[in-house]
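In what follows, chains are A, B, ... by sequence order, proteins preceding strands, each numbered from 1.
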There are 2 protein chains.
Amino acid sequence: MNLNKNSKRRKELVAIAARLFCDQGYESTTVRMLADAMGIKSGSLFHHFNDKQEILFSVIEAGMQHAMQIATQAICELEQPRERLMALARAHLSTLLEDRDAHVVAIYEWRSLTEASRQELVKLRDAYESIWSQVIAECHGAGLIQGNQGLQRRLALGALNWTVQWYRPGVGLEPDDLAAELVAMVLREDACGK
Amino acid sequence: MNLNKNSKRRKELVAIAARLFCDQGYESTTVRMLADAMGIKSGSLFHHFNDKQEILFSVIEAGMQHAMQIATQAICELEQPRERLMALARAHLSTLLEDRDAHVVAIYEWRSLTEASRQELVKLRDAYESIWSQVIAECHGAGLIQGNQGLQRRLALGALNWTVQWYRPGVGLEPDDLAAELVAMVLREDACGK
DNA sequence: CATAAAACCGAGCAAGCGCTAGTTAACGCA
DNA sequence: TGCGTTAACTAGCGCTTGCTCGGTTTTATG
């Protein structure tokens, strides 16, 4: 079979699959449910994807690629380390909200990927995290913070990623405020101003 | 059927189930796999549990109850807010490592619980988080930190819970060092001492 | 407007799923 | 010795799962 990975139709299907996988989990979402939500019959699904797992892979891949793009764009014209860290935090939150389905799936359904798929996605994730490593290193260089850089990156990304568990925008706290609080925490600045 | 919820055998089975659910996910773990790992036949499983979902519930419940116990015990004899926060962070990491299987399952398989089970476990989780709220409030009272308390609790617990994604003890970083770094971050203390 | 490619349908297979029913074996206690 | 309880067994039912396949419709292109 010869599948067109960049077809417009396929991207629509991936977005629909993301929503279902996010809501019900990968294993609990059957190909029939996917097909129903897509307005086609279950057999037709395999015209677009070789197997169910490939749908999962595509969902996560799309989310990661978009995150990468947003992050790169967010910091490319900034020079001050603190500004760049803030922009990165905002960009991260913004993709987490915008592509919430895909990122929730990435977090929860990692296990269901084949080993080959996992390895490919690990590369994407490493590339993304290296941006964070870079900017945190800049903050260290500017004397804004000291200590274990890898640990700080992980704690920061952990706190951010965990927001999918509880944060809903528009209920009191704005995303930018959340990003500001995180940056203040990472850089150990007093919260007296707020 | 009359199941003994506190039987020793049942606790063993719950621990075994935790390992399998953690490694492969709830949906991907069949009752036959569980039975195999337990050294019994699949039918015999239902002598101990009413259905598969009840096993999942028991795994998560056990993990939460233990976490609660460890946390309460860790801070009961301490009075200084900073000490209590540090003890709480250490206790949290310690249960996260000790009962790693159960906590990973709690994070990943929440969705697969019935609504009734979820509600019961939410009570346990709220009780646990209220300990954190209490200690963070004490830190505010002592002037150690200012700002949005609920947000700080969530960012802190998020950073800690996310450690299951990357942290392996014995590889460079000790749990106590990790807890110390987190407390320093939450309390916005300079990391110059390290 | 002819033709190829892409998208989809409908029926169904083989395997595996959670769970049930009825039975047996071992043990403590009267 | 006899009885109730607990824990295990065997066999399999009814259903769902991911996926296949041959054929049909729709869409895009020169």
*Stepwise side chain to side chain contact (heavy atoms under 4.5 Å, CB included) check, A:Ile107 with B:Ile107*: CA-CA 10 Å; A:Ile107 292 171; B:Ile107 293 172; over 6 Å; no

*Once you round it to whole Å, what is the distance between P of D:dC19 and CG of A:Leu56?*
12 Å

_Just by distance, no angles: are the side chains of A:Arg154 and B:Thr163 close enough, under 3.5 Å, to form a donor-acceptor pair?_
no

*asked:* Could you tell me how far apart B:Leu13 (CG) and D:dA7 (C1') are, to the nearest whole angstrom?
replied: 11 Å

*Tell me what B:Lys41 touches on the nucleic acid: a base, only sugar-phosphate, or nothing, going by heavy atoms under 4.0 Å.*
base

_To check you understand the geometry: which heavy-atom pair defines the closest contact between A:Gln53 and A:Thr114, and what is its length?_
OE1-N, 3.0 Å

*So, is A:His47 near the phosphate of C:dC8, with a side-chain N or O under 4.0 Å from OP1 or OP2?*
no

*Between P of D:dT10 and CG of B:Leu45, the distance in whole Å*: 15 Å

_A:Arg10 and A:Ser58: side chain donor to acceptor below 3.5 Å_ = yes

Detail all sub-3.5 Å separations between protein N/O atoms and N/O atoms belonging to nucleotides 20-29 of chain D.
none

*Considering only heavy atoms, which members of residues 23-32 of chain B lie under 4.0 Å from some atom of DNA chain C?*
B:Thr29, B:Thr30, B:Val31, B:Arg32

Only distances under 3.5 Å count here; give the side-chain donor-acceptor pairs of residues 74-82 of chain A to other protein atoms, sequence neighbours excluded, each with its distance to 0.1 Å.
unit_1: A:Arg82; atom_1: NE; unit_2: A:Glu189; atom_2: OE2; d: 2.8
unit_1: A:Arg82; atom_1: NH2; unit_2: A:Glu189; atom_2: OE1; d: 2.9

*NZ of A:Lys52 versus C1' of D:dC19: gap in Å, rounded?*
12 Å

*Can you tell me the distance, in whole Å, between the CZ atom of A:Phe49 and the C1' atom of D:dG18?*
15 Å

*Between D:dA7 (C1') and B:Arg9 (CZ): distance, integer Å*: 9 Å

_Given 3.5 Å as the limit, does a donor-acceptor pair link the side chain of A:Ser44 with the main chain of A:Ile40, or not?_
no

*How are the rings of B:Tyr128 and B:His92 set relative to one another: parallel (under 30°), tilted (30 to 60°) or perpendicular (over 60°)?*
tilted

_Spacing between B:Arg10 atom CZ and D:dT6 atom C1', to the nearest angstrom_ = 15 Å

*B:Asp36 has an atom CG; how far is it from atom C1' of D:dC9, in whole Å?*
14 Å

*A:Gln152 (side chain) donor-acceptor with A:Gln146 (main chain) under 3.5 angstrom*: yes

*Any side-chain donor-acceptor pair under 3.5 Å between A:Gln134 and A:Glu138?*
yes

